[in-house]
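Just so you know, residue 1 is the first one in the sequence shown, and it goes up from there.
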Amino acid sequence: MSRDPEGQDAAGESEPDVRFTYANERTFLAWNRTALALIATGVAATQLLPEFHVRGGRQVLGIPLIALGAVVAFTSFRQWRLNEGAMRRREPLPRSHMSLVLAIAVIGIVLVAVGAK
């Protein structure tokens with residue numbers, strides 16, 4: 001692929017500084033660790049917790065954690081790709097609302113857990 005003197009290819013993209021690429025990848029991996037922790041906690045909640053006084057309480061607590069873990073995993077990959085593309089085009093990085101979504105979801109799950117006990 002040919003590049004102009006500024007290092008850009010025909011699509012206007014250039015290779016980003018490797019430090020930024022690695023930082024983007026580390027962030028992606030951190031979000032995936034969070035996703036795995038949410039999924040593992042959801043599985044543990046549905047299988048290992050004692051029965052609640054509410055019928056299906058373990059599932060009400062565990063299934064949203066598993067679903068949230070899946071959403072975090074998908075969203076982290078999407079955000080990694082968007083960031084990588086923005087860096088290659090030398091554009092500002094897109095904002096992510098995942099931290100806010102995750103915080104609200106965890107607070108909601110905690111409220112369900114406190115109410116189910």
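In terms of heavy-atom proximity, P16 sits nearest to E84 at CG-OE2, 4.1 Å. Summarising the geometry of A86 relative to L93, their closest heavy-atom pair is CB-CD2, 4.1 Å, with the distance given to 0.1 Å. Taking every heavy atom of both residues into account, L65 and G42 meet most closely at CB-CA, 3.7 Å. G62 and A45 make their closest contact through CA-CB, 3.9 Å (heavy atoms, listed as atom of the first residue, atom of the second, distance). The nearest pair of heavy atoms linking L102 to W31 is CD2-CZ3, 3.6 Å. When every heavy atom of P94 is checked against every heavy atom of L82, the shortest pair comes out as CG-CB, 3.7 Å.
Clustering ILVMFWY residues whenever any of their side-chain heavy atoms sit less than 4.5 angstrom apart, transitively, puts F77 in a cluster other than the one holding V71. Linking Ile, Leu, Val, Met, Phe, Trp and Tyr whenever their side-chain heavy atoms come within less than 4.5 Å puts V72 and I109 in one cluster. Taking hydrophobic clusters as Ile, Leu, Val, Met, Phe, Trp and Tyr residues chained together by side-chain heavy-atom distances below 4.5 Å, L100 does not share a cluster with I107. M98 and V106 fall within the same hydrophobic cluster, defined by Ile, Leu, Val, Met, Phe, Trp and Tyr side-chain heavy atoms under 4.5 Å apart, directly or through other members. In the hydrophobic clustering of ILVMFWY residues, with side-chain heavy atoms under 4.5 Å counting as a link, V101 and I66 come out apart.
For the pair M87/D17, no side-chain contact is recorded, criterion being any heavy-atom separation below 4.5 Å from C-beta on. Residues F28 and N24 have side chains not in contact (no heavy-atom distance under 4.5 Å, counting atoms from C-beta outward). Within the 4.5 Å cutoff, the side chain of R90 has heavy atoms near those of the S14 side chain.
At least one donor-acceptor pair under 3.5 Å links the side chain of R58 to the backbone N or O of L49. Side-chain atoms of T46 come within 3.5 Å of backbone atoms of V43 as a donor-acceptor pair (strictly under, hydrogens ignored). At distances below 3.5 Å, not a single donor-acceptor pair connects side-chain atoms of R78 with backbone N or O atoms of F74.
Just one of I63, T34, L38 meets the side chain to side chain contact (heavy atoms under 4.5 Å, CB included) condition when paired with L68; it is L38.
The structure places CG of N83 at 11.5 Å from CD of E91, a figure rounded to the nearest 0.5 Å. With values rounded to the nearest 0.5 angstrom, E25 atom CD is found 10.5 Å from N32 atom CG. Atom CD of Q59 and atom CZ of F52 lie 9.5 Å apart (nearest 0.5 Å).
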